[in-house]
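Below is one structure, written out as C-alpha cells, with a few remarks after it.
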Amino acid sequence: MGLSKTIWNEPAELLRSQQPDNPAMFFAPQVLQATARRFLKGFPGLVTYAVKSNPDEMVIQNLLAAGIKGFDVASPAEIDMVRRLAPTAMLHYNNPVRSRSEVQHAVRAGVKSWSVDSRSELAKLIELVPAEGCEISVRYKLPVSGAAYNFGAKFGATVELAAELLATVAQAGFIPSLTFHPGTQCTDPMAWDSYIRAGAEICRLAGVKAVRLNVGGGFPSHRVTDVVPELEAIFALIDRVATEAFGADRPALVCEPGRGLVAEAFTLATRIKAIRDGQHVFINDGVYGGLTELPMVGNITRVEAISSEGLRRSGAPVPRVVFGPTCDSVDRLPGELELPGDIEEGDYLVFHGMGAYSMATNTRFNGFGEMTVSTTMSLAL
Ligand SMILES: *Cc1c(COP(=O)(O)O)cnc(C)c1O
C-alpha cells in the first residue's frame with residue numbers, strides 16, 4: 001500500500017487528475033476526529049478503539065489527537081504498534097485466547113487489562129500475570145442476534161461459567177470486570193439491553209461486584225443508503241439499562257468500537273474494468289481486496305459512479321452483478337447492486353463508509369490488491 005502525502009480537497013480531484021487504475025482509498029482525518037468526538041461526548045464511559053478494524057498508523061494518530069486514550073489490542077504486533085505511537089495509552093488485551101509467549105510479551109509491554117472466557121485461559125493468566133493493579137474481564141455470550149454476524153460463535157462463556165470465572169478472578173486478587181461483544185454491525189440496540197442485564201445476573205450469581213463493564217464494539221456504521229445508525233440512541237439505552245440492571249452497583253462503562261469509529265472516515269474508489277456484453281460489471285477490487293467483508297456483512301449501497309473526467313453518473317438505477325478482478329468465482333459482491341444505468345467502462349464506482357475491515361484485510365491474491373491511500377479534506381465526491 002502506498003501513501004501519498006498530497007492532501008486533496010475531495011476524491012474526485014485526484015480521480016480526475018490521476019485516473020488511477022488501482023483501487024484508491026481516501027482518508028478524511030476530519031471525519032475520523034469528528035466521529036471520535038461524537039463517541040467521547042455521547043458514550044457514558046471510557047471510549048477505546050478496536051485496532052484490528054483499521055490498524056493504519058494515521059488512524060491511531062488521529063484518534064489520539066481527538067482524545068482517544070485506550071486501545072483494544074489482540075496481538076503482540078498490535079501492542080507494539082500502539083506502544084510506539086502512544087507510550088502511555090491504556091491497552092486492553094481482549095483477545096481471550098493467547099499463547100504463553102503472547103501473554104509474557106504483553107506483561108512486558110505493561111498491559112493491565114485482559115479478557116478471558118474459559119477456565120484453562122484464566123489459569124494461564126493467573127500463573128503468568130502479576131495480579132497487582134491488573135484487571136481481568138470475563139467475556140460472556142448470549143444466544144441473541146441483531147448483528148450482521150454473531151461473535152458469540154467463537155468467544156464468550158455462558159452466564160453460569162462466566163459467574164464461576166468472575167468469582168475466581170476476584171479470589172485470585174485481580175480487578176474483576178465483565179465484557180461482551182454483541183456482534184459486529186449490530187443494528188438492534190436491544191442486543192445491548194439483553195447483554196447488560198445478563199451482566200448484572202452474572203454478578204449476582206458470582207457474589208462479586210464488577211468494577212467495569214465493557215459493552216464491546218458492534219456499533220453500526222452507515223452502510224445502506226436509507227438506514228442511518230443512531231449512535232446517540234444506543235448510548236442512551238446503554239446508560240439507562242446499566243442503571244436499571246445494576247442500581248447502586250453500576251460498574252464503570254467501557255466501549256471498544258472498531259467499525260463505528262473508523263468506517264465513515266474512508267471512501268474507496270474502484271474502477272470499472274469492463275461491462276461484459278453490456279451486463280456484468282467487473283471492477284478492479286473485490287472480496288480478496290478492500291471489499292472482503294461484503295459477502296459476510298452485506299453490500300454497502302452508498303455507491304456513487306463518476307466518469308474519469310469527474311462527471312457524475314445519474315441514470316435511473318439498474319441492478320447489476322458486480323465481479324472483482326480475480327479469476328475466482330467467489331470474487332463477486334452479494335446479490336446485485338443498484339448502479340446508475342449510464343455507467344461506462346473506465347468510470348469509478350465509489351463506495352462510502354469503507355474504513356473498517358477493508359485495508360486491514362486487503363490481499364495480493366492473483367496479483368491484484370495494490371491499493372493507494374490518499375488524504376482528503378472531505379469525502380463528498
Ligand atoms: C473486533 C472486536 C471489536 C470491534 O468490533 P466492531 O464490530 O468493529 O466494533 C471490539 N472488541 C473485540 C474484542 C473485538 O474482537
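Reckoned from all heavy atoms, side chains included, excluding hydrogens, waters and symmetry mates. All ligand and atom numbering here is 1-based and tracks the order in the structure. Since this is a predicted model, take the numbers as computed values, not measurements.
- Aromatic pair Trp192/Phe235: centroids not less than 6.0 angstrom apart.
- Side-chain contact check for Glu256 and His181: no donor-acceptor pair (N or O, by modelled atom type) lies under 3.5 Å.
- Remark: the Tyr288 side chain and the Asp328 side chain contain an N/O donor-acceptor pair separated by less than 3.5 Å.
- Atoms of ligand 1 lying under 4.0 Å from any heavy atom of Tyr357, numbered from 1 in the order shown and given with element: 1 (C), 4 (C), 5 (O), 6 (P), 8 (O).
- Looking at Asp249, its side chain never comes within 3.5 Å of a backbone N or O of Lys209 through a donor-acceptor pair.
- Judged by distance alone, the side chains of Thr35 and Glu264 never bring a donor and an acceptor atom under 3.5 Å apart.
- Every atom of ligand 1 with a heavy atom of Gly258 under 4.0 Å away is listed here by number and element: 4 (C), 6 (P), 8 (O), 9 (O).
- Which parts of ligand 1 touch Thr184 is read off a 4.0 Å heavy-atom cut-off, strictly below it: atoms 6 (P), 7 (O), 8 (O).
- Atom numbering of ligand 1 starts at 1 in the shown order; those under 4.0 Å from a heavy atom of Arg259 are 6 (P), 8 (O), 9 (O).
- Those atoms of ligand 1 that come under 4.0 Å of a heavy atom in His181, given as number and element, are 2 (C), 3 (C), 4 (C), 5 (O), 6 (P), 7 (O), 10 (C), 11 (N), 12 (C), 14 (C).
- Taking every heavy atom of Arg139 and a limit of under 4.0 angstrom, the matching atoms of ligand 1 come to 13 (C).
- Looking at Asp239 and Arg250, a side-chain N of the basic residue comes within less than 4.0 Å of a carboxylate O on the acidic one, giving a salt bridge.
- Looking at Asn94, Thr179, Asp72 and measuring to atom 12 (C) of ligand 1, the nearest heavy atom belongs to Asp72.
- Of all the atoms in ligand 1, the ones that sit under 4.0 Å from a non-hydrogen atom of Pro257 are 9 (O).
- Ligand 1 places these atoms under 4.0 Å from at least one heavy atom of Ala50: 3 (C), 4 (C), 10 (C).
- In terms of polar-atom proximity, Gly218 is counted as a contact of ligand 1, with an N or O under 3.5 Å from an N or O of the ligand.
- Classified by interplanar angle (parallel below 30°, tilted 30° to 60°, perpendicular above 60°), the ring pair Tyr195/Phe180 is parallel.
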